[in-house]
Structures are given as structure tokens and as C-alpha cells.
Visitor: 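Below you'll find the structure I mean.
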There are 2 protein chains.
Amino acid sequence: MTEKKEKILIAALELFAQEGFKSTSTSKVAKKAGVSEGLIFRHFENKEGLLEAIIKEGEERAKILFGDIVFEPEPKAVLKKTLELGSKMIENKEDADFWKLQYKMKWELEFYGEHKMEPLELALTNAFTKLGHDRPELEARVLLVNMDGLATRYFLQKDFDLGVMIDYMKTKYGV
Amino acid sequence: MTEKKEKILIAALELFAQEGFKSTSTSKVAKKAGVSEGLIFRHFENKEGLLEAIIKEGEERAKILFGDIVFEPEPKAVLKKTLELGSKMIENKEDADFWKLQYKMKWELEFYGEHKMEPLELALTNAFTKLGHDRPELEARVLLVNMDGLATRYFLQKDFDLGVMIDYMKTKYGV
DNA sequence: TACGATTGTGAGTGATCACTTACTTCTCTG
DNA sequence: CAGAGAAGTAAGTGATCACTCACAATCGTA
């Protein structure tokens, strides 16, 4: 990975997360990265290839984040860690940009990457089962739907206080 | 409102909801509506003016939907009707397109129309107060965040069963 | 029916899009 | 240090973009 290739990836992540994929021109990415436009197409097959490279890099982040939850044996700790995912996703600028891009792409490409969430959903279902819930699979889905709602609000509503909401939900779930 | 102007609005709503605002060209709208591209700019100042006209028309829908909840005196009925909003939003194709467009625009333009939700949030806070909740304003926000999550899933996840989720949440809230 | 206003068309406009090409500069290795 | 391959550039390419303009058809009304 050369220095300029890295600059292209970082500039593209930031711009795609801010303005969307289709609305960001390759010339804009090149300008922001401080390279010639042609270089983008030397390193990536096309504009979509650039997006794929960003997503692929980010999926490593997701594996680390989710892994910590999936292998947690204590059911209450599973709930706690899931709720705290929200804070972890935005701990630094590049992470926040990546997760924002993930949500943005869902709407731009109309594709919900449900398979990515499957292990998390299973871990939550398992946790709710252990905690004696009547409909653990629905309870798990409610929690995940809630997380989607929290992400929507956090990324789009300037004054939304994510911390307060997560704390409140923790007390609701008793964790 | 001439017949062709109406056709432009309907075609644009469908295309904007499907492919997004920026990614839909005016020539595509004209083709779908069966009119010349120039006519779009005779009836609307520019492409954004066309979008504004669609949003404005749709806001009447929102007022009707929300009004029924805001003026409901019985607190449990407020919760019930709020949860049932989800089903009402997608009762017919044009309504579903409009609400999908609303969510899509939030992400495309990065602007959460929080003021639109204010009366609903107040009504919910009031309902949770009457029902004796400790933190009614947070409880109201949790419910609205959940609705955002449900919308995200319904519009983006093909196999998402909205009815089951709404029914389950109704039992959770005891309504 | 005459005529002004509105509605509608189709062929433009320059700007910008993703991407290519011809070329130069750097870097690494035998 | 020669030379090959990788990295990088600048100036293009045709296609498509939002939008305009000159003109024609249609309409409401006096």
C-alpha cells in the first residue's frame, strides 16, 4: 500500500460518508487526496472498486466489534455489550465515517446486509433464552431494530444525545 | 393541475423513492411520465423545485396521520395508534413511496426533520406521563427511535415482517 | 371565431461525469 | 548502474447531466 493509495482511500471514505457514493465525483476524491484523477483508476478497477475496497477494509472492524459479543458467555453481558456497540462505533473519526457510510449505502443501494448481523442476532436470541424470555428471537430483533433507529438518529440528528439513550436502555434491560 | 403535470409528479415520486433524488435524471422522469423533458422545467423551477412539490404534497398526508394521534385523549390509544402508524404508512403504493422517499432524503441530504416529529413526541411523552412512567420523555424517544428502526428494516430488508414486529411491540406496551 | 395565455415539444447548451491514453518518474533488483 | 515494472501525471474521450430556447398546439374567454 503506497502513501498515495492510502490517501485516496481515506479521502474517498470521508467524502462517500459525507455526500454519498453516487454524488461524489472521482475528481473530487482526487483533489481531496492530493493526487491526479488517473491514479484512482490505476489502483482501483473503477469507482465501484474503490467503494468495495473501503467496505472490505471496514468489515475487519465489524468482525472485531461483533466477535467480542458473540463469544461472551454471560447473557446480561451480551446485552450490555450490544448496547455499547453504539458508542464503540463512533470512538474515532474514521470508524464513525465507516459506520455512517454503511448506513448510507444501505439506503443508496437498497440492500440491507442482514447476513452480517446474523451471528449477533443468534447471540442475542441465545441470551434472551437464557434470561427466560417468552419470545427470545423477537426480543433479539427488537433490540437490533432499536440499534438501527439509534444509528439513524445519531448520524442524522445533530443534537441527538446517544449516550443518554444508551444509558436509559441499559437500565430498561437491567444491565 | 394538468394531467401531464400530475404524471410528472407521480413518475418523479416513484423514481426518487427507488433510485434516490440525485441519481434520478430529469430525462428519466420525463420518459417515465411520457412527456418532453422541457415540460418539467415549465411546471417546476428546477429539479429541486420538483422535489419540493412532492414533499409538500406528502406533508398533507403526514398531518392527517399524525393528527389522529395528537388529539387522542386516551394514553394507551396514543401508543397503539403510534405503533400502527407503521402499517398505515404503507397501505397503498403512493403512500409507501412517499414515506420511503422521506427516509431516503434524510440520508441523502443529511437532515433529520425533527420538528415534524415534535407534536408526536409531545403526545407520547404526555401519554407515558399519564401511564406513570419515571422518564416519560425518554420513553417517548425510545418508541420513536424504534419506529425509525422499523422503517429502516421494512424498506431495506426484503423479508422483514413488519406486522409481526408491530404486534409484538403492542403486547410489550400492553396495548 | 379571434386572440392572448398557458401548455407542450424537440433540438439545442455548456458543464461535469467516469474513465482512457500517452507519457514521465520513481523504485527495486540482478 | 542498467533496465524493467510499478507509480504517477496531464490532457484528453464520449456520454450524460440539468437546463434553455424557439416555436407549435391547445385552451379559455370576449
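Every chain is numbered from 1 and lettered A, B, ... according to where its sequence line falls, protein lines coming before strand lines. In this text, all values refer to a predicted model and were calculated from it rather than measured experimentally.
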Visitor: Please list residues of residues 15-38 of chain A whose heavy atoms come under 4.0 Å from any atom in DNA chain D, ordered by number; otherwise none.
Guide: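 Of all residues in residues 15-38 of chain A, the ones placing a heavy atom under 4.0 Å from DNA chain D are A/V35, A/S36, A/G38.
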
Visitor: Rounded to whole angstroms, how far apart are CG on A/L39 and P on D/dA11?
Guide: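 Spelled out: CG on A/L39 to P on D/dA11 is 16 Å.
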
Visitor: In plain terms, say whether B/K80 and B/E72 are close enough for a salt bridge, that is, a side-chain N and a carboxylate O under 4.0 Å apart.
Guide: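 Salt bridge flag = no for B/E72 with B/K80.
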
Visitor: Applying side-chain hydrogen bond (donor to acceptor under 3.5 Å, both in side chains), which residue pairs with at least one partner in residues 36-47 of chain B are found, sequence neighbours left out?
Guide: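 Applying side-chain hydrogen bond (donor to acceptor under 3.5 Å, both in side chains) to every pair that reaches into residues 36-47 of chain B, excluding sequence neighbours, yields B/T26-B/E37.
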
Visitor: If I take atom CD1 in residue A/I40 and atom P in nucleotide C/dT20, what distance separates them, rounded to the nearest angstrom?
Guide: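 So the two atoms are 13 Å apart, to the nearest Å.
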
Visitor: If you look only at pairs with a residue in residues 120-150 of chain B, which of them pass as a ring-ring contact (aromatic ring centres under 6.0 Å, His included), with sequence neighbours excluded?
Guide: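 Checked against ring-ring contact (aromatic ring centres under 6.0 Å, His included) - neighbours excluded - the pairs reaching residues 120-150 of chain B are B/F128-B/H133.
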
Visitor: Using heavy atoms and a sub-4.0 Å distance, could you list which residues of residues 41-57 of chain B are near DNA chain C? By number, please.
Guide: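 Within residues 41-57 of chain B, the residues near DNA chain C are B/R42, B/H43.
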
Visitor: Got a sec, which residues hit salt bridge (charged side-chain N to carboxylate O under 4.0 Å, His left out) with B/E121, two or more places apart in sequence or on another chain?
Guide: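 B/R141.
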
Visitor: Is it true that A/V70 and A/L143 fall in one hydrophobic cluster, defined by side-chain heavy atoms closer than 4.5 Å?
Guide: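 Cluster IDs for A/V70 and A/L143 differ.
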
Visitor: May I ask you to decide whether B/E137 forms a salt bridge with B/R135, counting only side-chain N to carboxylate O separations under 4.0 Å?
Guide: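 Looking at B/E137 and B/R135, the cut-off is met.
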
Visitor: Would you mind reading off the distance between B/I8 atom CD1 and C/dT9 atom C1', rounded to a whole angstrom?
Guide: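 So the two atoms are 12 Å apart, to the nearest Å.
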
Visitor: Does this structure show an ion pair linking B/E108 with A/K104, if we count only N-O contacts that are shorter than 4.0 Å?
Guide: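 Judged by the 4.0 Å cut-off on N to carboxylate O distance, B/E108 and A/K104 do not form a salt bridge.
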
Visitor: Indicate whether OP1 or OP2 belonging to D/dG8 is found under 4.0 Å from a side-chain N or O atom of A/K5.
Guide: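 False: A/K5 side-chain N/O out of range (4.0 Å or more) of D/dG8 OP1/OP2.
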
Visitor: Among residues at least two apart in sequence or on other chains, which ones pass salt bridge (charged side-chain N to carboxylate O under 4.0 Å, His left out) with B/K170?
Guide: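 By the salt bridge (charged side-chain N to carboxylate O under 4.0 Å, His left out) rule, B/K170 matches B/E84.
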
